[in-house]
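Please read the structure below before turning to the comments.
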Amino acid sequence: MAAVTEHASPQGADAGRAPAERIAREMARRRTFGIIAHPDAGKTTLTEKLLLFSGAIHLAGTVKARKSRRHATSDWMEIEKQRGISVASSVMQFEYRDCVVNLLDTPGHQDFSEDTYRVLTAVDSALMVIDAAKGVEEQTIKLLNVCRMRSTPILTFMNKMDRETRDPVALVEEVEAVLKIQCAPVTWPIGMGKSFRGVYHLLRDEILLFTAGEERADQEFETVAGIDNPRLAEMFPREIEQLKSEVALVRSALHPFDPVAFLDGRQTPVFFGSAVNNFGVREILSALIDWAPGPRGRDATTRVVAPDEPRFSGFVFKIQANMDPAHRDRIAFLRVCSGRFERGMKIRHLRIGRDIKVNNVVTFMASNREQVEEAYAGDIIGLPNHGQMQIGDSFSEGEALSFTGIPYFAPDFFRSVRIRNPIKVKQLHKGLQQLGEEGAVQVYKPALGGDLILGAVGVLQFEVVASRLQSEYGVDAVFEGTAITCARWVTGEDRRMLADFEKTLGHNVARDAAGNLAYLAPNRVNLQLTQERWPKLVFHETREHAVAPA
């Protein structure tokens, strides 16, 4: 992969430490962003086209072509190929215009929102895709609110302009009203559906003419300079007059693009186009390179870590099992926050207080990976995980850091698990342990034994887990209803009290995949009464990252 760079053998006491100028230069080349959208807005299609235009792939797949053997690069799981949906986040690294781009494609479906929320902690900016026929939808609102918590800069792409859509002025007004963010149109559509003629670039005063696209990156769209060019009136007289009227309204009523407001997360530049036809993709990619920020400082509890610091640091935001089913592997996705990572260097696993030497480090193109020699702030690298790493773990060259903000949410749905073939109970426990570690589902082991309990934010997660247990572990499991309706993680300063709590309420107490103590309540009234009876214990609806077992 282009981002892999050879370097001279380090020497001296600071072996492996890159000069400050090199770290600053490489850091400035990084762009790390996630794509967010409501399901079916065209997010995965746009991801494919960004890869296509960057030269990272040469033929775009499509999630709609289910009968063929081509599928979206980012949809690599078997169930994703069968269902035509994204159920797990994918990481893709490529080079474009001398920048190293780390693109994170997130699931749009709300049942997999936990994975998306965690991924958004690892990005420096986001690309929001909106279906121009449907406008702002429920999951878009939730995802933008997660971005707002960290003031993440957001670019907006109004997709599917080659179809009949909402009025573009009304679309922009809805984004401002519902999402509470300023809109600064950069391109503006000329017509829609069958009469879609192209877009007008407000900053460059030029028109990009639309023709139905092909699945090639070398497709060039004709441009015409100037909105008053007489040639335009000859080509489409009705649409050009409407365009002039709308542009005048946009310039007078909406905000001009302000780079500072964008970087602060207060304003989003808006682009119109059609991802499936490759139209508007190059403009989005260029804007991400030109305007989106490089790596930013990260809160590590004791202090904010700057990306250009010489010493390496980073955190795990995702764990994925069986990316290579032939080897039953587990990969921890680590966001580099500072310094330079070099293959073979020793880093400290801060939660367990142990130094580890990492030799097999990879970068990603969805499920494909390549060995990496070095990485810098902003990069996403994969570390082999043999069960010791958990989501939220921090790593450094020795300094006691704990990066914050990796969320877990209390499940809304619960199932008990039993196995059809008792001989494979070991495989069941192994599969659920690994899927629990990666956050595909929350797995609870009751303190007094009995069937394992699965918790999920959305019911579709259970279907995915059942499919993956069958395909990846050879386990045919049965999920059944349970009396549990809510769960809370339980912590307290008094360990004896925690032990007494666990002993007294053993029928309702369990441990999750990370060993954290949890209370599983049959109903809200029971939960409230339990909280009142144990006032010195804290019942958490969310937790940020793995905590030491009680």
Side-chain angles (χ1 to χ4, degrees), residues 79 87-89 107 109-119 142 317-321 390-392 406-419 428-469 472-473 475 477-491 501-502 505-528 530-531 537-547 549-550:
I79 190 170
V87 304
S89 301
H109 199 289
Q110 64 181 9
D111 284 12
F112 308 102
S113 55
E114 266 199 309
D115 193 26
T116 300
Y117 296 157
R118 287 193 285 265
V119 165
K142 293 180 180 178
F317 66 92
K318 173 183 172 66
I319 290 176
Q320 187 71 55
Q390 299 175 1
I391 293 172
I406 312 292
Y408 280 83
F409 301 88
D412 295 315
F413 304 94
F414 298 86
R415 300 286 187 273
S416 63
V417 185
R418 63 179 178 85
I419 192 169
L428 172 68
H429 283 259
K430 179 181 178 181
L432 288 178
Q433 175 70 23
Q434 293 186 359
L435 293 176
E437 287 174 358
E438 73 172 59
V441 71
Q442 295 187 33
V443 182
Y444 298 95
K445 185 177 181 181
L448 298 182
D451 294 339
L452 294 173
I453 302 294
L454 300 188
V457 174
V459 292
L460 193 54
Q461 284 179 263
F462 297 124
E463 184 179 333
V464 171
V465 168
S467 172
R468 292 186 62 187
L469 284 173
E472 298 174 18
Y473 299 93
V475 172
V478 179
F479 295 174
E480 298 175 331
T482 176
I484 300 163
T485 61
C486 52
R488 296 292 184 270
W489 288 282
V490 183
T491 61
F501 172 82
E502 189 169 3
L505 300 173
H507 290 286
N508 296 91
V509 169
R511 296 276 178 177
D512 68 9
N516 299 300
L517 183 66
Y519 182 72
L520 309 180
N523 52 63
R524 298 278 175 177
V525 174
N526 174 275
L527 175 61
Q528 184 178 346
T530 304
Q531 289 173 308
L537 299 182
V538 183
F539 293 74
H540 302 271
E541 194 168 355
T542 62
R543 65 179 179 90
E544 281 205 339
H545 51 72
V547 297

Original post:
Given Val417, which of Ile453, Leu454, Val441 fulfils the side-chain contact (heavy atoms from CB on, under 4.5 Å) condition?
Top reply: Leu454

**OP:** Apply side-chain contact (heavy atoms from CB on, under 4.5 Å) to Glu502 and Arg511, showing your working.
**Re:** CA-CA 10 Å; Glu502 189 169 3; Arg511 296 276 178 177; 3.1 Å; yes

May I have the list of side-chain donor-acceptor pairs in residues 520-527 shorter than 3.5 Å, sequence neighbours left out?
| unit_1 | atom_1 | unit_2 | atom_2 | d |
| --- | --- | --- | --- | --- |
| Asn523 | OD1 | Val525 | N | 3.2 |
| Asn523 | OD1 | Asn526 | N | 2.6 |
| Asn526 | OD1 | Tyr519 | OH | 2.6 |

Nearest heavy-atom pair of [X] and [Y]: which atoms, and what distance?
| X | Y | answer |
| --- | --- | --- |
| Ala447 | Gly506 | CB-O, 3.9 Å |
| Trp489 | Asn516 | CD1-CB, 3.9 Å |
| Gly481 | Ser416 | O-OG, 3.9 Å |
| Ala410 | Ala487 | CB-O, 3.3 Å |

**OP:** If the plane angle is over 60° it's perpendicular, under 30° parallel, otherwise tilted; pick one for Phe414 and Tyr444.
**Re:** tilted

Note, [X] side chain near [Y] side chain (heavy atom, < 4.5 Å):
| X | Y | answer |
| --- | --- | --- |
| Val443 | Leu435 | no |
| Arg488 | Glu541 | yes |
| Leu432 | Leu469 | yes |
| Glu480 | Arg418 | yes |

**OP:** Give a yes or no on whether the backbone of Gly458 and the side-chain of Gln461 come within a donor-acceptor separation of less than 3.5 Å.
**Re:** yes

Original post:
Atom CZ in Arg415, atom CZ in Phe462: separation rounded to 0.5 Å?
Top reply: 5.0 Å

**OP:** Working to the nearest 0.5 Å, report the span between CG of Leu452 and CG of Leu428.
**Re:** 6.0 Å

Subject >> All side-chain hydrogen bond (donor to acceptor under 3.5 Å, both in side chains) counterparts of His540, not counting sequence neighbours >> reply: Thr491

**OP:** Could you point out which residue of His429, Lys430, Arg468, Gln434 forms a side chain to side chain donor-acceptor pair (under 3.5 Å) with Tyr473?
**Re:** Gln434

